[in-house]
Amino acid sequence: MSSAFAVGAYGLVAILALLLGANAKDGLFAAHAYVAAVIASGFALWTLKRLDFSSSAKAVTAGGPSTTVEAEGYMDGVVRAGAIATVFWGIAGFLVGVVIAAQLAWPALNLEYSFTNFGRLRPLHTSAVIFAFGGNALLCTSFYVVQRTCRARLAFGNLAWFVFWGYQVFIVLAATGYLMGVTQSKEYAEPEWYVDLWLTVVWVAYLLVFMGTLIKRKEPHIYVANWFYLAFIVTVAMLHIVNNLAIPVDLLGSKSYPIFAGVQDALVQWWYGHNAVGFFLTAGFLGMMYYFVPKQANRPVYSYRLSIVHFWALIFLYIWAGPHHLHYTALPDWAQTLGMVFSIMLWMPSWGGMINGLMTLSGAWDKLRTDPILRMMVMSLAFYGMSTFEGPLMSIKSVNGLSHYTDWTIGHVHSGALGWVGMVSFGAIYYLVPKLWNRERLYSIVYVNWHLWLATLGIVIYAAAMWVSGITQGLMWREYDEQGFLVNSFAESISAMYPFYVARMFGGLLYLAGGLLMAFNIYKTIRGDLREERAMGAPVAAAAAE
């Protein structure tokens, strides 16, 4: 697409958005239309400055020549942009998480301005961490992995850039919508109908790029990481479309109503909600694990046959597990039991994947002494194993009767999101950045080690506090006296949570500190700086002699 055509297209979009805003039926829709107009105008101005994204051979280093991988024909500009976006949105998500954790510990921090209240910031936090941080990590790593394992450039030219920037536009529209109160009040699916439609267009383009690259591959074999990435892309598309089927009140208004109602709506929502965890936060990141752990360890996957069994068992079982979120509700008992049984069966494929990842280090365990990136990946697998043990345990009805609606669920979700998703994403970004910018190594390996332990300590404090808090809540809510009356009021259970909420905020602060250290390390690496430091694991005497 020529620069002149692009500027014209962006200009038309900006004008259309302004017209939609001027004729909007409510102020919230108008605000989003004007946001879209500003974004389109920004792209037009950017194009006018002749920032040519279509040339993969363009120099990206500070005054340096094209990188080696670009000379080989891979399209890595979009991967570089995705790596930077991953770090940026990660910091934003972790920061908002610390803010809302502080609001729960000290309610006075819920200021009178509605857009700073917990109710507005909480979905902003979850979406920023899951879809902005995690989504960009999946975009950039999948584009990197599919090119290397297929020995083929990304298909359909600049469509990959449309996917990247289209996804950033979705994030901005969703985030601003949360702050303004534009929401359909569905967990992990809060954006309203017009934002959902935009994401559908972007996601179809993503599927086309990924599938097109697989089809034109030069390798006859499809590596297993691509199986997981493809399952994640296809299934999330299906989940997103079905769960967000809605009828807008007005085509120029922000409000819509879902086509499902009552218990059917609840079932569809948690079919979507649990499989967003199962395919977005599990299958996609398993694709990441199956590429980057063997690469960082410089070892083949322990068992390729196990990886295929792992894939098909996980894909078949996960899709049925959603009803365990609806125990003791109006959902028919048989459906609740079905969800519980499939959740328990998920123990086997989940741990099969964890074991396959850990055993890939066979013959290379000594590298853990000197390689904090590999250590971070192993830590992520440990948290994956723990979370996929705890999840099926919590799906058992008798256990769920104690855990449901308590902070135990919060601890479980964060041990998976921060421990598994966060750690494997950090490891992948640390692996990618020196290669993408043609650097000798990261700016500081010691800083990676600091990041590892700050993040690990933060997760442990966070999760342990929520486990104790959740079990305490469950026991207080079900405690009766000899006459059959509740012993504790709800307010008393909230008061008992105060020290645990403070501990959670502190754990989140440590995790945020690790993320900030990572951002600094990545920034210095991209600049080409190298910190003078002795190699990890090197004897002190030998280092002094040097």
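Every heavy atom of this structure was used, including side-chain atoms; hydrogens, water molecules and symmetry mates were not.
- Side-chain polar atoms of His451 and Tyr430 form a donor-acceptor pair below 3.5 angstrom.
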Phe133 vs Phe94, ring-ring contact (aromatic ring centres under 6.0 Å, His included): CA-CA, chis, key distance, verdict: CA-CA 10 Å; Phe133 168 65; Phe94 306 151; 5.5 Å; yes
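- Residues Thr409 and His404 have side chains that never bring a donor and an acceptor to within less than 3.5 angstrom of each other.
- Side-chain N/O atoms of Asp407 and Ser469 include a donor and acceptor closer than 3.5 Å.
- Residues Tyr501 and Tyr498 place their aromatic rings such that the two centres sit no closer than 6.0 Å.
- For Glu533 and Ser444, the side-chain atoms include at least one donor-acceptor pair closer than 3.5 Å.
- The closest side-chain donor-acceptor pair between Tyr290 and Asn356 falls under 3.5 angstrom.
- Remark: the backbone N or O of Ile526 is paired with a side-chain donor or acceptor of Arg439 at under 3.5 angstrom.
- No side-chain N or O of Gln103 forms a donor-acceptor pair with one of Asn117 less than 3.5 Å apart.
- At a cut-off of 3.5 Å, with distance as the only test, a side-chain donor of Asn449 or Arg375 sits close to an acceptor on the other residue.
- Ring pair Phe228/Phe311: centre-to-centre distance below 6.0 Å.
- Between Leu530 and Arg441 the shortest side-chain heavy-atom distance falls below 4.5 Å.
- For the 3.5 Å distance criterion, the side chains of Tyr178 and Ser127 qualify, holding a donor opposite an acceptor.
- Of the N and O atoms on the side chains of Ser142 and Tyr206, at least one donor lies less than 3.5 Å from an acceptor on the other residue.
- Although no hydrogens or angles enter the test, the distance criterion places no donor-acceptor pair under 3.5 Å between the side chain of Ser495 and the main chain of Ala491.
- Judged purely by distance below 3.5 Å, without hydrogens or angles, the side chains of Gln473 and Trp408 never pair a donor atom with an acceptor atom.
- Checked by atom type, the side-chain pair Trp477/Ser493 shows a donor-acceptor distance below 3.5 Å.
- Here the two rings, on His274 and Tyr318, have centers that are under 6.0 Å apart.
- Residues Tyr431 and Phe292 place their aromatic rings such that the two centres sit under 6.0 Å apart.
- A donor-acceptor pair shorter than 3.5 Å cannot be found between the side chains of Asn275 and Thr235.
- For the atom pair CG (Leu139) and CZ (Phe164), the distance works out to 8.0 Å, reported to the nearest 0.5 Å.
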